[in-house]
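Throughout, protein chains are lettered first and strands after them, A, B, ... in sequence-line order, and every chain is numbered starting at 1.
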Amino acid sequence: MRLNPKFQIIWSVVKSIPKGCIATYGDVARLAGFPRNARFVGTALKAAPSELNIPWHRVINSQGKISFPSGSDKFQLQKRLLQEEGVSFVSAVVNLNDYRWKTSLDEDLWRM
DNA sequence: GCACTGACTCCCA
DNA sequence: ATGGGAGCCAGTG
């Protein structure tokens, strides 16, 4: 299947998330240039080939939570991977203020 | 080609 | 604070 070029953009954005930081689906969508495609980010990550080493676990939803049913194997895997990078959870929730990836785009927003 | 689904978010009651 | 509904748009059957 010919991959949608949007996938590549999203993957590259996700790959640029620094270790120990997290970003939300909405953030990734916005940085990739698709402001209203948060859902599409999830689709892209699901479709991402594992050999690309996409740090998909650094992407969580806007509530600071993992977007898998709590207790599912995917949920536990993502949580564990994040904890190994130093991201701490408080009752299954990440403190976005501490770990959210600050981007140059965001800085423009802060400035105003 | 149509209808449904989804690793989301925003907005309003 | 919380829950429900609409918007989004590509993938999947």
Side-chain angles (χ1 to χ4, degrees):
Chain A
M1 135 188 202
R2 229 168 273 110
L3 289 172
N4 188 320
K6 289 183 177 179
F7 278 20
Q8 313 269 2
I9 300 175
I10 290 175
W11 293 339
S12 70
V13 171
V14 174
K15 276 191 289 190
S16 65
I17 301 173
K19 181 178 181 181
C21 291
I22 56 94
T24 70
Y25 292 92
D27 286 340
V28 174
R30 185 155 38 84
L31 291 171
F34 319 116
R36 294 175 189 149
N37 289 57
R39 302 197 84 139
F40 185 62
V41 174
T43 305
L45 291 181
K46 184 174 64 173
S50 56
E51 53 265 33
L52 292 183
N53 295 317
I54 308 285
W56 57 270
H57 54 276
R58 296 183 191 144
V59 184
I60 61 180
N61 66 28
S62 65
Q63 306 172 53
K65 296 198 253 180
I66 292 174
S67 294
F68 288 112
S70 84
S72 68
D73 50 349
K74 292 285 200 65
F75 177 96
Q76 306 210 355
L77 171 62
Q78 183 167 16
K79 183 175 181 180
R80 184 171 61 79
L81 288 171
L82 286 175
Q83 288 178 324
E84 286 174 357
E85 294 190 351
V87 177
S88 59
F89 284 76
V90 180
S91 60
V93 180
V94 174
N95 186 328
L96 281 175
N97 286 323
D98 289 345
Y99 297 107
R100 192 175 196 169
W101 182 32
K102 300 291 195 299
T103 67
S104 54
L105 279 181
D106 286 332
E107 287 170 9
D108 286 341
L109 289 177
W110 304 148
R111 190 179 313 156
M112 35 188 293

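For residues 47-73 of chain A, proximity to DNA chain C is found at no residue, defined as any non-hydrogen atom under 4.0 angstrom from a strand atom. Of the residues in residues 82-91 of chain A, none has a non-hydrogen atom less than 4.0 angstrom from any atom of DNA chain B. At a non-hydrogen distance threshold of 4.0 Å, nothing from residues 9-21 of chain A comes into contact with DNA chain B.
Looking at every heavy atom in both residues, Trp101(A) comes nearest to Ala23(A) through CE3-CB, 4.2 Å. Scanning both residues, Thr24(A) and Ser62(A), for their nearest heavy atoms gives CG2-CA, 3.9 Å. Of all the heavy atoms in Ala32(A) and Ile10(A), the pair that sits closest is CB-CG1, 4.1 Å.
Annotation: ring-ring contact (aromatic ring centres under 6.0 Å, His included) contacts of Phe40(A) (sequence neighbours excluded): Phe7(A). Listed by chain and number, the residues in a side-chain hydrogen bond (donor to acceptor under 3.5 Å, both in side chains) with Thr43(A) amount to none (sequence neighbours excluded). Remark: Ala48(A) pairs with Trp11(A), Ile54(A) by the side chain to side chain contact (heavy atoms under 4.5 Å, CB included) rule, at least two apart or across chains. In terms of the side chain to side chain contact (heavy atoms under 4.5 Å, CB included) criterion, residue partners of Leu77(A) (sequence neighbours excluded) are, by chain and number, Trp56(A), Arg80(A), Leu81(A).
The shortest side-chain heavy-atom distance between Pro55(A) and Val14(A) falls under the 4.5 Å cut-off. When side chains are defined from C-beta on, Val87(A) does not count as touching Arg58(A), because their heavy atoms never get closer than 4.5 Å.
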N/O contacts under 3.5 Å, protein versus nucleotides 8-10 of chain C?
from    : atom 1 : to      : atom 2 : distance (Å)
dA10(C) : OP1    : Lys6(A) : NZ     : 3.2

Return the polar atom pairs (N/O with N/O) between nucleotides 3-5 of chain C and the protein under 3.5 Å, or none.
none

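Note: Gln78(A) CD to Ile22(A) CD1 = 10.0 Å, rounded to the nearest 0.5 Å. Remark: Ile9(A) CD1 to Leu31(A) CG distance equals 12.0 Å, nearest 0.5 Å. Taking NZ of Lys19(A) as the reference point, atom CD of Glu84(A) lies at 9.0 Å (rounded to 0.5 Å). Distance CD1/Ile60(A) to CG/Asp27(A): 9.5 Å, rounded to 0.5 Å. Going from atom OG of Ser67(A) over to atom NZ of Lys74(A) covers 11.5 Å, rounded to the nearest 0.5 Å.
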Pairs of donor and acceptor atoms involving the side chains of residues 92-99 of chain A, under 3.5 Å and at least two apart or interchain, shall be tabulated with distances.
from     : atom 1 : to       : atom 2 : distance (Å)
Asn95(A) : OD1    : Asn97(A) : N      : 3.0
Asn95(A) : OD1    : Asp98(A) : N      : 3.4
Asn95(A) : ND2    : Asp98(A) : OD2    : 3.4
Tyr99(A) : OH     : Gly86(A) : O      : 3.4
Tyr99(A) : OH     : Ser88(A) : N      : 3.4
Tyr99(A) : OH     : Ser88(A) : OG     : 3.1

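The ring-ring contact (aromatic ring centres under 6.0 Å, His included) pairs that include a residue from residues 57-89 of chain A number zero, where partners must be two or more places apart or lie in different chains.
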Under the criterion side-chain contact (heavy atoms from CB on, under 4.5 Å), I'd like the reasoning laid out for Phe34(A) against Val41(A): C-alpha separation, chi angles, the key distance, then a yes or no. CA-CA 9 Å; Phe34(A) 319 116; Val41(A) 174; over 6 Å; no
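From the 5' end on, the contacts that DNA chain B makes with chain A at under 4.0 Å to a non-hydrogen atom open and close at dG6(B) to dT9(B).
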